[in-house]
J.: 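Structure below; questions to follow.
Below, chains carry the letters A, B, ... as their sequence lines are ordered, and counting in each starts from 1. As the structure is a computational prediction, the values presented were derived from the model and not from experiment.
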There are 2 protein chains.
Amino acid sequence: MSSKSSKETSIDKSIETSQESRVQINHVSDSMTLLLYLGLLIVTILTVWLFKHRRFRFIHETGLAILYGLIVGVIIRYGSPSYQPSITMISIEDSPEQSNKLPPEKVLVNMSVLNESQIYEYDYKRRLYGNDINAPILDEKATFNPEVFFNFILPPIIFFAGFSMKRKHFFRNIGSILMLAFLGTTISCFVIGGVTFGISRASARLASIVSLSECLLFGAFISATDPVTVLAIFSDLRVEPDLYALVFGESVLNDAVAIVLSESIETYGSAAAAGETAAISVLKAIGSFAGVFLGAIGIGCLLGCLTALITKFTQVREHPLLETSLFVLMSYSTFLAAEAVKSTGIVAVLFCGICQAHYTYNNLSDESKATTMSFFGLLNFLAENFTFVYIGVSVFTYSSHLWDPVFIVAGFLAMIIGRVLCVYPLCGLANIGRRRSGCAIGLSRMHVLAFSGLRGAMAFALAIRNTSSDARKIIFSTTLILVMITVLVCGGLATQMLQWMHIEVGVEEEPNRQRLDRQDSTGEAASQPSLRDRSCIALGWRKIDKNFVKPLLTNARPLLTETCSGCCLPLARLLTTTEQLTQAAVQRDLYSGGQEDTDVIVPPDSDSFAGLGEGGQVNKAGPAAPASLQVATTGDADNNGAASPVLF
Amino acid sequence: MSSKSSKETSIDKSIETSQESRVQINHVSDSMTLLLYLGLLIVTILTVWLFKHRRFRFIHETGLAILYGLIVGVIIRYGSPSYQPSITMISIEDSPEQSNKLPPEKVLVNMSVLNESQIYEYDYKRRLYGNDINAPILDEKATFNPEVFFNFILPPIIFFAGFSMKRKHFFRNIGSILMLAFLGTTISCFVIGGVTFGISRASARLASIVSLSECLLFGAFISATDPVTVLAIFSDLRVEPDLYALVFGESVLNDAVAIVLSESIETYGSAAAAGETAAISVLKAIGSFAGVFLGAIGIGCLLGCLTALITKFTQVREHPLLETSLFVLMSYSTFLAAEAVKSTGIVAVLFCGICQAHYTYNNLSDESKATTMSFFGLLNFLAENFTFVYIGVSVFTYSSHLWDPVFIVAGFLAMIIGRVLCVYPLCGLANIGRRRSGCAIGLSRMHVLAFSGLRGAMAFALAIRNTSSDARKIIFSTTLILVMITVLVCGGLATQMLQWMHIEVGVEEEPNRQRLDRQDSTGEAASQPSLRDRSCIALGWRKIDKNFVKPLLTNARPLLTETCSGCCLPLARLLTTTEQLTQAAVQRDLYSGGQEDTDVIVPPDSDSFAGLGEGGQVNKAGPAAPASLQVATTGDADNNGAASPVLF
């Protein structure tokens, strides 16, 4: 670096000062934007409290968040002065390096100032289409990089869904849930894709923009149903647990399937575009689906179990803050690890959440239990509500909109047809198996299930991720409309719907039965009801889990030294901690029955967070949670206060 | 939008597909970067646990984080394949619109692809200097936008410092702390600025790059001492509370002063650059300092008190999740609000934290108390350790470095001289007042205080914020070196230093005295020790706080109806909640002495978080905290488990 003349230095200084004021302006506007969203969330929370306080149920907090967002979006769009940044237009010719016809990722601009050349670096942002060129600035206001949703907003929501899952009822209905999630989402995706493709052929303009694979992509986006709103209402009203489990299980797995499905369709699209035959393209898409899904499940379970091993074999629980940090970091690493290997972080984080709840949680100190539960509950709540506020605001402030009435109507019709063709036939199919165990899904339950197909954060996040082409813009705008309609209409009418369909509400499981259920949920002395709707594989897995996986990953009984035999014994001894040995002795004295297992994790001290958090809801414990809360807080006095080593 | 030909559509498709793969590549690399930092944090946490477990004290977790960061930085820099994005170089001439000689904020590139013109938008990133042009890509690896530190990493650290402050010991030493923080930081800033300016004149190259105002800026950056490392060690060893309070108070307020000071110097710099006289420039700088500081304190206290009012006058505590969310959102809003009005969010958030702890915390439900404490404790811990990891990594990966040995040596000498000239004279000055109350700061304590001047997150964040000019790059690189040296050397030798200086460690306040202290910390029956080192203003404020502010903002006694008289009575009645009336009755029965007030907030159920979190440390309660923990957990059996309405 050579020394400079004083003139050059003075130019440097002036640029530095101006640069600083530019940094300052950007910083102020960033702060204003964030403050705006925080203010919206605060107002939403206060209104939600007021509505809860006054028992007003016609609009749910998510709907409220959207409405507030819409109002503020209008104000930002039409009320605030627009800041016009300085823009320079440059033309470049076809150069040999640009053979792939792609714009360069960076542009270095050589500007001569007072006969001295200065070089500035510019980053690629996006392609401007006809309409954008007139309004390239608007999207600077109150918008975030869509990747923020995928990297920071969705993971806590999905992780918490897995972490707070009521595993007992989920696994009781696992057959129906898997069918609805996998087969149902696929059916829904293809029906929606087909219907929108068909209808959009009627419009010459649409036909030239939207292709079949884009319609299918739209189908995949819009097939992800959202658990937040409906489940909150279900929890509040204490709807019967089986129906709750069906809706919860379907919407959680739905999200996972939809995201992988959309990736597969993109794989198909690019394979087809590369001129490969339809059969190979389809095979590639199916392969991608299976690979991504299984890979994500593998990564999620692996890192979840690794956390369990670390928390079991180190004494990190002596330092709750370190332990909690480790737990949080490992959970988020799961998402990133899956994304880094091009799998799907959302799916990984869901299964990581399930593993963390099933294994790691049992190894944590009492403090860490309470802290992790409340930490993720809080993150989940904030992330959900932020998403809905953002959905509302972005209707007006996002510049990549392309409203096409034909496509919106087509999408709306297709969504309804897709939902009907997904729920009713599959429930009928599921009933073949369920009737034997006497728990068939009645017609009114099917209506509720179909009605519960709200679209939310996942559909929005998938659609906003790429709005580079016109087709993607149409898809995004239509998705936004459908999310708002379903959340406002279905969310507002959900309580009515339950009344009309005569669905049993206010279901309380008596503490004693609950207690028993808990014991038999992995115990050998399982009573008949818990066996229904369970396949041999599920039962086999339960046995392995109880005898080998749980003793390996947690300090639970039976000891590996008791279940392993022969040459594995030395290894089993190695993998059994001293704590496990002493604790097992204590447990043996306390309980002579089957092994304890919790249905939904209830931290010793922040009970209501467990119930509340589920489905993003407040003071609305789920169908099973209130009973289990009663167990922990009133039903079972000696478990109150400091948690016994058995229950938690 | 007109319809397109099939050729145009096919170009669109190919661009969309490529665009998607580009988005995918960026996403994978973002995920890898984040994963890297999370992995580093996980390894740091596990090592910290191991060191704690083995009682190995020669390196502290922050030093460890830096070391791990350095190792990984080297690997990234030299080990990973470099990804070369496509770059196009463009020259533009002096155009009339560019009269201010600033580069445009956006560049629109018109590229003709197959004779069709396409327009792409590019965002300004930075100016490239001589060296940068050869390595414009390296900084893409494993670096974040510096604004991330200011907007997301620093606020939780500083908020938690205020929130978890041991107010009793802090206010006992308030006089000395304020002197050290305000006068000391100013002295340190000007001494460092002067010394570096003087030494740098010896090098012709440096003299042409670094001006006086930049040296002063460097002085302001490097005057911010960091509480994390030393306080963690102090807590661990239970150093005598007065010394702890001095170091804590100085470093916390230091940060606030340094950030405002650096802004004032920039104001001075631009005023001087605009050709104003020195006197006016100095006056402007002082005005800016006072305005920004008082404004920030005002905003912090205002929003803190507003939160207290909301939590007092609504029944939102019936829904702990809503309450906690509100608390978190309001606290973060304070930062953003201050930034949005061009004040200093960091200072605002510090005072907001103090208000939240002093007022709002008392209104929260027990669950929210535990959750807020553990939530902010966790955020603080993660943010701190992330900063130190990032400091380590950025030594090698950040491309805006300019290592100048002369400036580094000058900075190092200046830092030592500045610290000495700040601590010893001011402590001597403080001793004039302190000697009367028999608690003078001895020479060995002064040595420890001087030695505790580690530099950390704040110095780093201030320096990384703007690295646009060569001077700023030199400042940044030097700051980085000084942070590392002080954290590794002083952090590693702190335990030794305490031994050499014969500082009393292992100080335990017996529960009973602690209990008494607590009562008298705002009670009328204050015993003599708590009066020392307190001015009339402090005592006057305590009276107003106790009689009017606390009863207004919390449900504490005495009631406003008891302290107000005459025409204020109707208003006082309006501002007294029914809960306050009933609770007051309960309290009156329980305690006949002065009003309860906690020194440091200890949530009912996650005690160790309160102590641990402080100073980012784990299982190392501060000098007062262990005793208070004992009060809560063992010393006072009837306060165990469910919190009594009085203590919490």
J.: Ignoring hydrogens and angles, tell me if any N or O in the side chain of A:W49 forms a donor-acceptor pair with the backbone of B:L322 under 3.5 Å.
T.: no
J.: Can you give me the closest heavy-atom contact between A:L35 and B:A340, atom names plus distance?
T.: CD2-CB, 4.5 Å
J.: State the CD1-OG distance between B:I42 and A:S325, to the nearest 0.5 angstrom.
T.: 10.5 Å
J.: Flag the pair B:E318 / A:H53 as yes when at least one side-chain heavy-atom distance between them is below 4.5 Å, and no otherwise.
T.: yes
J.: With rounding to the nearest 0.5 angstrom, report the CG to OG distance, A:L336 to B:S31.
T.: 5.5 Å
J.: Sort B:F335 into side chain, backbone, both or neither according to what part of it lies under 4.5 angstrom from a heavy atom of chain A.
T.: neither
J.: Can you find a pair of side-chain heavy atoms, one from B:E339 and one from A:V28, that are under 4.5 Å apart?
T.: no
J.: Using heavy-atom distances under 4.5 Å, tell me whether B:L206 contacts chain A through its side chain, its backbone, both, or neither.
T.: neither
J.: Are any of the side-chain heavy atoms of B:Y332 and A:L34 separated by less than 4.5 Å?
T.: yes
J.: Which atoms of A:V341 come close to chain B, meaning under 4.5 Å heavy atom to heavy atom: side chain ones, backbone ones, both, or neither?
T.: neither
J.: Hey, what do you get for CZ (B:F381) to OG1 (A:T324), rounding to the nearest 0.5 Å?
T.: 9.5 Å
J.: Under 4.5 Å heavy-atom distance to chain A, tell me which part of B:L50 shows up: side chain, backbone, both or neither.
T.: neither
J.: Between A:L326, A:L382, A:T314, which shows the greatest number of heavy-atom pairs under 4.5 Å with chain B?
T.: A:T314
